[in-house]
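Note sheet for the following structure.
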Amino acid sequence: MGLVCCWGEGGLASLFNLQSPTDALGSPSYCSVWHRGRLGAELGKSVVYQETNGETRVEIKESVRGQDIFIIQTIPRDVNTAVMELLIMAYALKTSCARNIIGVIPYFPYSKQSKMRKRGSIVCKLLASMLAKAGLTHIITMDLHQKEIQGFFSFPVDNLRASPFLLQYIQEEIPDYRNAVIVAKSPDAAKRAQSYAERLRLGLAVIHGEAQCTEQDMDDGRHSPPMVKNATVHPGLELPLMMAKEKPPITVVGDVGGRIAIIVDDIIDDVESFVAAAEILKERGAYKIFVMATHGLLSADAPRLIEESSIDEVVVTNTVPHEVQKLQCPKIKTVDISLILSEAIRRIHNGESMAYLFRNITVDD
C-alpha cells in the first residue's frame with residue numbers, strides 16, 4: 001500500500017508507524033482515523049503548520065519516490081486555509097517524485113460556484129485547474145453539487161454517492177417509514193427526491209412557490225450590460241420584450257397529510273429554507289419531518305434554528321466535521337460513509353474496477 005497522508009481541522013496528522021493517534025504532531029481528522037483502521041495502513045510522516053506571518057508550510061518527513069499518495073482532506077470552517085494546505089501538500093509530493101497523488105476530498109469546496117453569475121467567475125473551475133497544476137492526478141469525492149463539475153478537471157474524478165447509506169438509514173432507523181413521503185423542497189431537487197422515492201417505493205411531494213429562491217432565479221451574465229437611459233439601439237436589432245418571472249403562491253404538490261415527510265438534498269448549509277419547508281409541511285398535516293443530506297455544513301446559527309424548528313431530525317454524513325454542531329443540537333444525526341471511501345482508495349491503489357461502488361446508482365442521485 002502506498003503512503004497515506006491525512007489532515008483535518010486540527011492540522012496535518014503526521015502518523016506513520018506510531019502506536020496511537022495521540023502520538024501525532026497534529027490532531028488528525030476523525031476521517032483519517034477511520035481510513036487508517038479500515039485499510040490497515042499507517043499515516044505518512046509529514047507536518048503542516050502556519051508560520052508567524054500566516055503562511056502555510058509543508059514538510060514531508062520520509063521518502064515518497066515512486067509511491068501512490070492519498071491525501072485525505074476534510075474541509076473545516078476555514079475553507080481557504082484548507083485549500084492552500086491541499087495545494088501546497090500536493091506540490092510538495094509532486095516535487096518529491098511521488099508516482100500518483102490522489103486527493104480524497106469528501107466535500108469538494110466551492111462546488112456551489114460552478115455557474116456564471118453576473119460579472120463573477122466560475123471559481124470551481126479555477127480550483128480544478130489549480131489542483132491539476134499542483135500535481136494531483138486523481139480525485140475521489142462524494143455527491144458533487146453539480147455533476148457537470150467533473151468536466152472541469154483534466155484528470156479522473158470518481159464522484160461517489162451517499163444515497164445507499166442514507167436509504168439504509170431510512171429503512172433501519174425510521175419506524176413506519178412505509179408511511180413516509182419523500183419531499184423535494186424546491187423543483188430543483190425533484191429528480192433526487194424522485195430517485196429516493198422510486199427505490200423506497202414511496203410517494204413523492206414537491207414544494208413550489210414564492211418562498212423558494214433557487215439558483216436559476218439569480219441574474220447571470222446574460223442580463224448585462226445594464227440598460228442605459230437614452231441608449232442608441234441599432235435599427236435592425238429589436239429583441240422581444242422579456243416578461244418578468246413571477247412565482248405562484250407557495251404550495252405543496254403531493255399529499256403529506258398524516259405522513260412522515262422526508263426532505264432530501266445534497267447540502268444543508270443555511271437552514272432557513274429547510275425550516276420554512278418544515279413549517280409548510282406541518283401545516284399540510286405531516287406529523288414527523290426528517291431532513292437528509294450528504295454534506296452537513298450547518299453554518300452560522302444552523303444548530304439553533306434546527307433545534308427551534310418543526311424538524312424532528314437532521315441526518316447528514318460525515319463528509320464534513322460537525323461534532324460541535326451535534327453538541328449544540330441533539331436533533332443532528334450522523335451516517336458513516338468511511339467504508340465506501342476506504343474501498344475506493346483500495347481499488348484505485350490495486351488497479352481494480354470502481355464499477356461495484358456505483359451499482360444500482362441512478363444518474364439523478
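All of these numbers come straight from a predicted model, not from anything done at the bench.
- Put simply, the side chain of V183 reaches to within 4.5 Å of the side chain of V181, judged on heavy atoms.
- Under the side chain to side chain donor-acceptor pair (under 3.5 Å) criterion, R347 pairs with E343, not counting sequence neighbours.
- At a threshold of 4.5 Å between side-chain heavy atoms, the hydrophobic network of Ile, Leu, Val, Met, Phe, Trp and Tyr places Y356 and L160 in one connected group.
- Between C329 and L305, every side-chain heavy-atom pair lies at or beyond the 4.5 Å cut-off.
- E62 and K45 are not joined by a salt bridge, as no carboxylate oxygen comes within less than 4.0 angstrom of a charged side-chain nitrogen.
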Listing, residues 276-285 side-chain donor-acceptor contacts under 3.5 Å, not counting sequence neighbours, or none:
{"unit_1": "E279", "atom_1": "OE2", "unit_2": "S310", "atom_2": "OG", "d": "2.9"}
{"unit_1": "K282", "atom_1": "NZ", "unit_2": "Y287", "atom_2": "O", "d": "3.3"}

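- Contact of the V316 side chain with the H295 side chain is not registered, since no non-hydrogen atoms from C-beta on lie closer than 4.5 Å.
- The structure places CD of Q150 at 11.0 Å from CZ of F108, a figure rounded to the nearest 0.5 Å.
- Using modelled atom types, one finds no donor on one side chain facing an acceptor on the other under 3.5 Å when comparing E59 with S46.
- In this structure, a donor-acceptor pair under 3.5 Å is present between the side chains of H138 and D158.
- Neither side chain, E172 nor Y177, offers a donor N or O lying under 3.5 Å from an acceptor on the other.
- No side-chain N or O of S342 forms a donor-acceptor pair with one of R346 less than 3.5 Å apart.
- In terms of the side-chain contact (heavy atoms from CB on, under 4.5 Å) criterion, residue partners of V123 (sequence neighbours excluded) are, by chain and number, Y110, Q113, S121.
- With contacts defined as side-chain heavy-atom distances shorter than 4.5 Å, the pair Y91/V58 does not qualify.
- By the 4.0 Å N-to-carboxylate-O rule, K331 lies too far from D312 to be salt-bridged with it.
- Put simply, the side chain of I102 does not reach to within 4.5 Å of the side chain of I69, judged on heavy atoms.
- You'll find the side chain of I60 reaches within 4.5 Å of the side chain of L93, heavy atoms only.
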